[in-house]
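For reference, the structure is listed below as structure tokens.
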Amino acid sequence: MPLPKAELHLHIEGTLEPELAFELAARNGVRLPYADTEELRKAYLFDDLQSFLDLYYSLMAVLRTEDDFEALAEAYLARAAAQGVRHAEIFFDPQAHTARGVPIGTVVEGLGRALDRSEARHGVTTRLILCFLRDLSAESAMETLEAARPYLHRITGVGLDSAEVGHPPSKFREVYAVADSLGLRKVAHAGEEGPPSYITEALDVLGVERVDHGLRALEDPELVARLVRDRIPLTLCPLSNVRLRAVRSLTEHPLRRMMDAGLLCTVNSDDPAYFGGYVGDNFDAVESALGLSREDLRVLARNSFVAAFLGELTIAADLTRVPLPKRTP
Ligand code: ADE
Ligand code: ZN
């Protein structure tokens, strides 16, 4: 039985497996520049975040209808449930779709169909987090938030993703302030490739409650002390970091050092179709590469519920499913 866990850093577009990509391409008459799934998989060799994003955005051409987004989310939820996920906070990138002429309503309603039955069908509760593409303008982000207004009942929070370096959090000060006034929760990718100062900015300027990645936090001891003191959760994605060469190998991943420093770490899959594994695979990978104990894994699983945007009662109920082993006095 896999450990019950919450997944808090998952791009739904990054769950598009080659088989589904080809199925949707055929359905929608989209020509992919790959002969078959095997050839497509061979393209999954990345030098950095941008080289991944190029493929990630181009493959989205197959996602056109509500049915497509429903199929995408349904496939993810089934896989996640099989790896112990009981709660998923799911990112989506509306600008990557509206730029292709797919309205935000198609995306949200399509995903919503799968999310609405997820608890009954898969035992997985869900939240949706709308991400702004940080390499587009602040105006575009604001327009996106405006376009999302009719769907806010389905959206829990906002996030910030895409190419990080050169696009600091402060660029999105205004749109986060509006999101806050609408009662939305706030997260942002920071410190994946960008410097620790981006993490500090995300906290100070955007008021984020949780940092996505935060991988480079250890470079700034003052920042670490603050993250520990304020119990700011980090949503780490170990397999992603290796595939995008943010770390040289899994054995060099800072997760263990971050846990030892007292940081509230969680383990997530980011874009599992591209990075070689879903969240349970990430747990297994760090267990062996970093020599994490069963207790370490339980701490990570518990952290995932503590860091989730769930009500206190739900969190308490979830925590009882991941008890820590009793310590001998
Ligand atoms: N969009 C999808 N995956 C991403 C990642 N790892 N970093 C930034 N933006 C992303
Ligand atoms: Zn991400």
Side-chain angles (χ1 to χ4, degrees), residues 6-17 21 43-61 63 69 72-73 76 80 88-100 107 111 127-136 140-141 144 157-169 171-172 186-195 198-199 201-202 206 208 210-217 233-247 253 255 265-279 282 304 307:
E7 175 145 62
L8 307 178
H9 185 154
L10 181 279
H11 303 264
I12 197 65
E13 296 90 346
T15 68
L16 179 58
E17 294 284 346
Y44 290 7
L45 283 176
F46 310 113
D47 297 324
D48 55 15
L49 174 57
Q50 189 61 58
S51 64
F52 155 68
L53 290 171
D54 293 342
L55 179 61
Y56 169 79
Y57 292 127
S58 76
L59 215 54
M60 285 183 206
L63 294 165
F69 287 95
L72 183 69
Y76 163 68
E89 304 200 344
I90 297 174
F91 297 146
F92 71 110
D93 286 333
Q95 289 153 293
H97 309 300
T98 52
R100 304 180 289 111
V107 183
L111 295 175
R127 299 281 185 273
L128 261 185
I129 298 180
L130 180 161
C131 283
F132 304 115
L133 301 186
R134 68 200 304 157
D135 45 353
L136 300 185
S140 172
T144 302
V158 293
L160 190 61
D161 64 4
S162 201
E164 184 182 11
V165 175
H167 303 284
K171 180 174 162 187
F172 298 94
K186 293 167 291 173
V187 299
H189 283 53
E192 179 184 19
E193 285 187 343
Y198 281 24
I199 303 175
E201 232 182 66
L206 305 184
V208 301
R210 200 162 76 195
V211 175
D212 294 316
H213 292 295
L215 183 70
R216 293 184 58 187
L234 305 179
T235 62
L236 294 155
C237 306
L239 289 176
S240 162
N241 298 147
V242 174
R243 290 295 183 102
L244 300 187
R245 306 194 193 200
V247 298
H253 196 281
L255 171 66
C265 298
T266 66
V267 164
N268 307 271
S269 69
D270 208 3
D271 301 284
Y274 294 89
F275 300 150
Y278 285 73
V279 66
N282 274 266
S304 71

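Counting convention: from 1, in listed order, for ligands and their atoms alike. Here, residue 1 is the first one in the sequence, and each next residue gets the next number.
Among the backbone and side-chain atoms of His189, an N/O/S atom is found under 2.8 Å from the Zn ion (ligand 2). Residue contacts to the Zn ion (ligand 2): Asp161 brings no N, O or S atom closer than 2.8 Å.
The nearest heavy-atom contact from the protein to atom 9 (N) of ligand 1 is Ser162 N, 2.8 Å. Remark: minimum distance from atom 6 (N) of ligand 1 to any protein heavy atom is reached at Asp270 OD2, 2.7 Å. Given atom 7 (N) of ligand 1, the protein heavy atom at minimum distance is Glu192 OE1, 2.7 Å.
Rounding to 10°, one obtains 110° for the angle at the Zn ion (ligand 2) between NE2 (His11) and NE2 (His9).
Taking the six-membered ring where the residue is Trp, His189 and His213 present perpendicular rings, their angle passing 60° and hence far from 30°.
When you scan the N, O or S atoms of Asp270 for the one nearest the Zn ion (ligand 2), you land on OD1.
A heavy-atom separation below 4.0 Å is not found between Asp212 and ligand 1.
For Glu13 (side chain) and Asp93 (main-chain N/O), a donor-acceptor pair under 3.5 Å exists by modelled atom type. Side-chain N or O atoms of Asp212 include none that pairs as donor or acceptor with a backbone N or O of Thr235 at under 3.5 Å. The backbone N or O of Ala202 sits nowhere less than 3.5 Å from a side-chain atom of Lys186 that would complete a donor-acceptor pair.
A salt bridge does not link Glu164 to Arg216: none of the charged side-chain nitrogens sits closer than 4.0 Å to a carboxylate oxygen.
Ring to ring, Phe69 and His97 are close: their centroids are under 6.0 angstrom apart. Residues His11 and Tyr274 place their aromatic rings such that the two centres sit no closer than 6.0 Å.
Of all the heavy atoms of Phe52, the ones lying under 4.0 Å from any atom of ligand 1 belong exclusively to the side chain.
Residue His9 forms a side-chain hydrogen bond (donor to acceptor under 3.5 Å, both in side chains) with just one option from Asn268, Asp270, Asp271, and that option is Asp270.
Listed by number with element, the atoms of ligand 1 under 4.0 Å from a non-hydrogen atom of Asp271 are 2 (C), 3 (N), 4 (C), 6 (N). Every atom of ligand 1 with a heavy atom of Leu53 under 4.0 Å away is listed here by number and element: 1 (N), 10 (C).
Of all the listed residues (His9, His11, His213), His11 holds the heavy atom that lies closest to atom 10 (C) of ligand 1.
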